[in-house]
Amino acid sequence: MAFKDDKFYVEKVINGDTSAYAGLVNKHKEMVFTIAVKIVRNHEDAEEIAQDAFLKAFHALADFKGEAKFSTWLYRIAYNTAVSQSRKRKLEFSVISDEMINNYTTDKVSRSVNELSEDEQINAINSLMEKLPEEENLLLTLFYKNEKSIEDISEITGYTQSNVKVKLYRLRKKMYSELEQHFNLS
Amino acid sequence: MEKQNSEHIEDDFLRNLVKKSTTILPSAGFTERVMEVIPKTNPFEVAEKEGFKPWYYAAIATGFVAVVYFIITFDLTSFFKQVAESEGKEGINYVNLFGVVLNTFNKAFSNFHFTSISLMIVISGVILYFGDKLLKKWAKGNADTTFA
């Protein structure tokens with residue numbers, strides 16, 4: 001489905017055509033839902049959070065100055081809504097120890113993974129990502145899967161760009177370490 | 001502080017692998033459910049109408065000045081004297097009773113001059129305008145439109 005530029009829908013909504021908001025929902029629902037589900041890890045809760053985020057964004061649309069991208073602004077709302085919901089349930093973010101992330105061998109891991117069938121690779125990555133703490137799972141998804149820029153991730157999560165880079169660097173090492181363990185390579 | 005360049009996080013192997021992870025999608029009818037809670041009428045129209053309205057602030061300023069004018073011109077001492085005369089000798093002498101208070105008020109209000117009425121209109125108008133803006137800003141802040 002081809003979508004128009006966000007600005008087109010935003011202007012229509014502000015000018016009174018509230019049904020045009022459906023265009024924005026359709027365009028961004030997958031990303032908003034992904035952010036929510038990575039944080040809360042529950043389909044029903046994630047849908048509720050995504051719906052809440054869209055409603056919050058709608059009511060704040062008049063205040064949206066267009067300085068940031070609409071998508072980033074919306075994802076930030078979704079992220080904050082999800083995190084605040086998770087905090088109520090005492091969400092724990094893990095601390096990655098330096099010991100865990102040292103001495104990885106990318107070649108060794110990539111060779112082993114490439115020897116697997118497509119289905120086995122999907123199962124392996126799903127299983128590893130499932131084990132990751134919520135925040136790391138989200139960062140990995142945003143950067144490597146959805147190819148969001150460091151700048152966008154920084155705006156969505158509220159972390160500084162350097163902080164995002166450090167987290168991603170550690171996360172990358174951790175993934176290799178986990179993959180090594182998964183394939184008994186270490 | 002550990003600083004990493006983008007080259008330390010760029011990884012095609014990892015990118016391709018993570019892209020293979022299952023994407024969980026919202027259930028069918030998600031958009032419809034969101035649109036059910038979105039108001040059908042334009043809520044932004046009200047905000048637009050709440051722009052600067054000179055006649056509104058002028059009316060309030062005039063009312064404010066009228067009240068001040070009444071307070072300044074009202075002669076409480078004469079009023080009390082009239083009351084005392086109408087009540088006769090047995091009436092309470094309010095002038096003596098509130099003499100100190102009346103003198104204080106008389107001194108305070110005698111500092112106002114009618115020539116400054118136009119200035120008062122402008123000042124009260126400006127105060128009302130900015131007071132109104134501040135109140136709206138405060139109310140808006142309390143309405144939780146922040147997402148941080």
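By convention in this document, chain letters (A, B, ...) are assigned in the order of the sequence lines, proteins followed by strands, and residues within each chain are numbered from 1.
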J.: So do the side chains of A/V113 and B/F13 get within less than 4.5 Å of each other, counting heavy atoms only?
T.: yes
J.: Of all the heavy-atom pairs spanning A/K165 and B/I9, show the shortest one and how long it is.
T.: O-CG2, 3.7 Å
J.: With only heavy atoms counted, which part of A/Y144 is less than 4.5 Å from chain B, the side chain, the backbone, both or neither?
T.: both
J.: Looking at CZ of A/R172 and NE2 of B/H8, how far apart are the two atoms once the value is rounded to the nearest 0.5 Å?
T.: 8.0 Å
J.: Could you tell me the separation between the CG atom of A/L171 and the CG atom of B/L14, rounded to the nearest 0.5 Å?
T.: 8.0 Å
J.: Select one option (side chain, backbone, both, neither) describing which atoms of B/T41 are under 4.5 Å from chain A's heavy atoms.
T.: backbone
J.: For the side chain to side chain contact (heavy atoms under 4.5 Å, CB included) test, which of A/I125, A/L140, A/T141 pairs with B/S21?
T.: A/I125
J.: So does A/Q121 have more than 12 non-hydrogen atoms from other groups sitting under 6.0 Å from CD?
T.: yes
J.: Are A/H43 and B/S27 side-chain neighbours, meaning at least one heavy-atom pair lies under 4.5 Å?
T.: yes
J.: With rounding to the nearest 0.5 Å, note down the distance linking CD in A/E47 to CD1 in B/I24.
T.: 11.5 Å
J.: Are A/L132 and A/I122 grouped together when hydrophobic residues (ILVMFWY) are joined by side-chain heavy atoms under 4.5 angstrom apart?
T.: no
J.: Linking I/L/V/M/F/W/Y whenever any side-chain heavy atoms sit under 4.5 Å apart, do A/F58 and A/F8 land together?
T.: yes
J.: Got a second to check how far B/T23's OG1 is from A/F33's CZ, nearest 0.5 Å?
T.: 11.0 Å
J.: Measuring from B/M35:CE to A/F54:CZ, what's the distance to the nearest 0.5 Å?
T.: 10.5 Å
J.: Hydrophobic clustering (ILVMFWY, side-chain heavy atoms < 4.5 Å, transitive) - are A/F3 and A/L61 grouped together?
T.: yes
J.: Using a 4.5 Å cut-off on heavy atoms from C-beta on, say whether the side chain of A/E147 contacts that of B/K19.
T.: yes
J.: Is A/F64 reachable from A/Y9 through a run of I, L, V, M, F, W or Y residues, each pair having side-chain heavy atoms under 4.5 Å apart?
T.: yes
J.: Using modelled atom types only, decide if a donor and an acceptor are shared between the side chain of A/K29 and the backbone of B/F30 within a distance under 3.5 Å.
T.: no
J.: Would A/V37 and A/V83 show up in the same hydrophobic cluster when neighbours are defined by side-chain heavy atoms closer than 4.5 Å?
T.: no
J.: Side chains of B/I38 and A/V25: does their closest heavy-atom pair fall under 4.5 Å?
T.: no
J.: Atom OG in A/S110, atom CG in B/N16: separation rounded to 0.5 Å?
T.: 11.0 Å
J.: Which answer fits A/V13, side chain, backbone, both or neither, if we ask what part of it has an atom under 4.5 Å from a heavy atom of chain B?
T.: both
